[in-house]
Protein chains: 2
Amino acid sequence: MDHSPQPLPKAKDTASSILEAAHQLFIEHGYHGTSMRLIAQEAGIALGGIYNHFPSKEALFEQIFLETHPYHEVLPTLSEAQGDTPEALVRNAAQRMMKALQARPNFLKLMFVELVEFKGSHLLDLQSAIFPQSAELIERFMENSSSIRPIPAIILLRSFLGLFISYYLGELMLDPSGESKFDQQTFDQFIDIYLHGILSGAQE
Amino acid sequence: MDHSPQPLPKAKDTASSILEAAHQLFIEHGYHGTSMRLIAQEAGIALGGIYNHFPSKEALFEQIFLETHPYHEVLPTLSEAQGDTPEALVRNAAQRMMKALQARPNFLKLMFVELVEFKGSHLLDLQSAIFPQSAELIERFMENSSSIRPIPAIILLRSFLGLFISYYLGELMLDPSGESKFDQQTFDQFIDIYLHGILSGAQE
DNA sequence: CCTACCGATCGGTAGG
DNA sequence: CCTACCGATCGGTAGG
């Protein structure tokens, strides 16, 4: 048998196991509803072991929240969106976006925990990272788009992002287990309303 | 001095004080982040006193969640919405809706707590109360509305409700303190996109 | 409605 | 990385 120069590659190291366990538990039970003992148990180590890797429970949450925020994939993916018309561009962007978001199911629940249990105190770190890129994104979108109705860029962006939040929150309220499959047709209808809403009627 | 046949009308009785204190604290810190001792303190009684009025902490949350759900005002208020054209009707409905929602600021945070910390287990009680009325509402809206594009009623409703959630969540993320004033202009632009999105272009 | 208490559990740490 | 522990706090209750 051949053996690697390193110890047999364990699927994950301890720190990753802790992060993964905590991530899932924070989504399921919130921050104060999740104990460090349960995180340790799910990660397969003793309570004290967590503190060899993370200084506190809040540090654990903060790292998970910041690392799994979808903007890491969403912004690059939107930058690569393509389309000859604004409509094609929006549809392509929406499709890429949905794909990126599905890689982080239930992230919105982490955002809820952040907003309620931390009053959004970790959000400031994100805004400086997100704002410039998204401003650039919108600018690029609008300069190619004479057929877009005169709507402020920030409103275009918020409405666009709102589509995903509305869709996801609607699904969550109809089936709180959160395990409902993605309904492409319903989501397409959300996009249709948005597209029809921002395009001038000329081309239709 | 005249004295009523009942004890001088205290502003609120004990049960109301407890509900009000718990309501505010659940919004601020979530469910597991709020202790019964703190609720008692804010309500001005001792811990044990709560249990003369409510059997458990969860019963407290459930009652607050169900009683302050905005559907109590939103459905009747939407039923009374008026307008000669679909556009006027939607604008009138949106305005009434916003007014009703502002009477329950931060209810969305209670919904987040419900979704995360209770996995939506109290939502089922609501759906049976909400669904028939809103179905009727949509039906009435659509039969008068030949100028509405062919969009399923459920999508019309979800998109409409999504406007408020998107607007509110956007404000919450830009200013997590949650005390930002209502920005009528921004919200009107959300409505404009929606309206333009659901109306056939004929009349514009 | 309060006082005093219950067992259980919390986040975190010392020491090895 | 575990064992054993810290003081603090939790939801809830008995008794008056």
Side-chain angles (χ1 to χ4, degrees), chain A residues 6-66 110 113-114 116-119 121-122, chain B residues 6-66 110 113-114 116-119 121-122:
Chain A
Q6 305 174 354
L8 283 178
K10 294 200 300 185
K12 318 170 192 314
D13 61 15
T14 302
S16 299
S17 299
I18 295 169
L19 285 171
E20 204 163 296
H23 185 180
Q24 189 57 35
L25 289 167
F26 287 149
I27 283 176
E28 282 178 10
H29 306 112
Y31 180 76
H32 289 103
T34 297
S35 71
M36 292 296 267
R37 280 159 180 82
L38 188 52
I39 293 172
Q41 179 182 318
E42 292 294 304
I45 61 169
L47 165 66
I50 295 181
Y51 294 91
N52 298 319
H53 301 272
F54 303 95
S56 69
K57 187 184 179 185
E58 175 162 0
L60 246 183
F61 178 84
E62 181 172 16
Q63 181 170 338
I64 290 167
F65 178 70
L66 294 180
L110 279 189
V113 173
E114 163 68 13
V116 173
E117 303 193 56
F118 289 102
K119 296 174 183 283
S121 61
H122 306 114
Chain B
Q6 304 175 355
L8 282 179
K10 296 200 299 184
K12 320 172 188 314
D13 61 16
T14 302
S16 300
S17 300
I18 297 170
L19 285 171
E20 205 164 295
H23 185 181
Q24 189 58 35
L25 289 167
F26 287 149
I27 283 174
E28 281 177 12
H29 305 114
Y31 180 77
H32 289 102
T34 297
S35 71
M36 292 296 267
R37 279 157 181 84
L38 188 52
I39 293 172
Q41 178 181 318
E42 292 294 305
I45 62 170
L47 165 67
I50 295 182
Y51 294 91
N52 297 320
H53 300 272
F54 303 94
S56 70
K57 187 183 179 186
E58 175 161 359
L60 247 182
F61 178 83
E62 181 171 15
Q63 181 170 338
I64 290 167
F65 178 70
L66 294 180
L110 278 189
V113 173
E114 163 69 13
V116 175
E117 303 193 58
F118 289 102
K119 297 174 182 280
S121 62
H122 306 113

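All chains are named by letter (A, B, ...) in the order of the sequence lines, taking the proteins before the strands, and each is independently numbered beginning at 1. Here the structure is a predicted model, which means the values were calculated and not measured.
For DNA chain D, if you chain together Watson-Crick or G-U pairs that step i with j, i+1 with j-1 and so on, the runs of at least three with distances under 3.5 Å are C:1-16 with D:1-16.
With a 4.5 Å cut-off on side-chain heavy atoms, B:V113 and B:F26 do not count as touching. B:L110 is listed as a side-chain neighbour of B:H23, based on a closest heavy-atom distance under 4.5 Å. You'll find the side chain of B:E20 stays beyond 4.5 Å of the side chain of B:E42, heavy atoms only. No side-chain heavy atom of A:H32 sits under 4.5 Å from any side-chain heavy atom of B:Y31.
Set against C:dG12, C:dC10, D:dC2, the side chain of A:S35 has C:dC10 as its closest nucleotide. In the set D:dC1, D:dC10, D:dT3, D:dC1 carries the atom at the smallest distance from any side-chain atom of A:N52. Of the candidates D:dG11, C:dC1, C:dG12, D:dG11 carries the atom nearest the B:M36 side chain, counting heavy atoms from C-beta on.
Atom CD1 of B:I50 is separated from atom C1' of D:dT13 by 13 Å (rounded to the nearest Å). Protein atom CZ of B:F54 is 15 Å distant from nucleotide atom P of D:dT13, rounded to whole Å. Atoms CD1 (B:I18) and P (D:dG12) sit 13 Å apart, rounded to a whole Å. Here the P atom of nucleotide C:dA8 and the CZ atom of A:R37 are 14 Å apart, to the nearest Å. For A:L47 and C:dA14, the CG to C1' distance is 13 Å, given to the nearest whole Å. Taking atom CG of B:L38 as the reference point, atom P of C:dC10 lies 20 Å away to the nearest angstrom. Rounding to whole angstrom units, CD of residue B:E58 and C1' of D:dG12 are separated by 14 Å. Put simply, OH on A:Y51 is 12 Å from P on C:dA14, counting in whole angstrom units.
Between B:F118 and B:F61, the ring center distance clears the sub-6.0 Å criterion.
For the OP1/OP2 pair of C:dC1 and a distance below 4.0 Å, the side-chain nitrogens and oxygens of B:T14 include at least one atom meeting the criterion. At the phosphate of D:dC1, OP1 or OP2 sits under 4.0 Å from a side-chain N or O atom of A:H53.
For the atom pair CD1 (B:I39) and CG (B:L19), the distance works out to 9.5 Å, reported to the nearest 0.5 Å.
Nearest-nucleotide positions on DNA chain D place A:G48 closer to the 5' end than the other of A:G48 and B:K57.
Side-chain atoms of B:E114 come within 3.5 Å of backbone atoms of B:H122 as a donor-acceptor pair (strictly under, hydrogens ignored).
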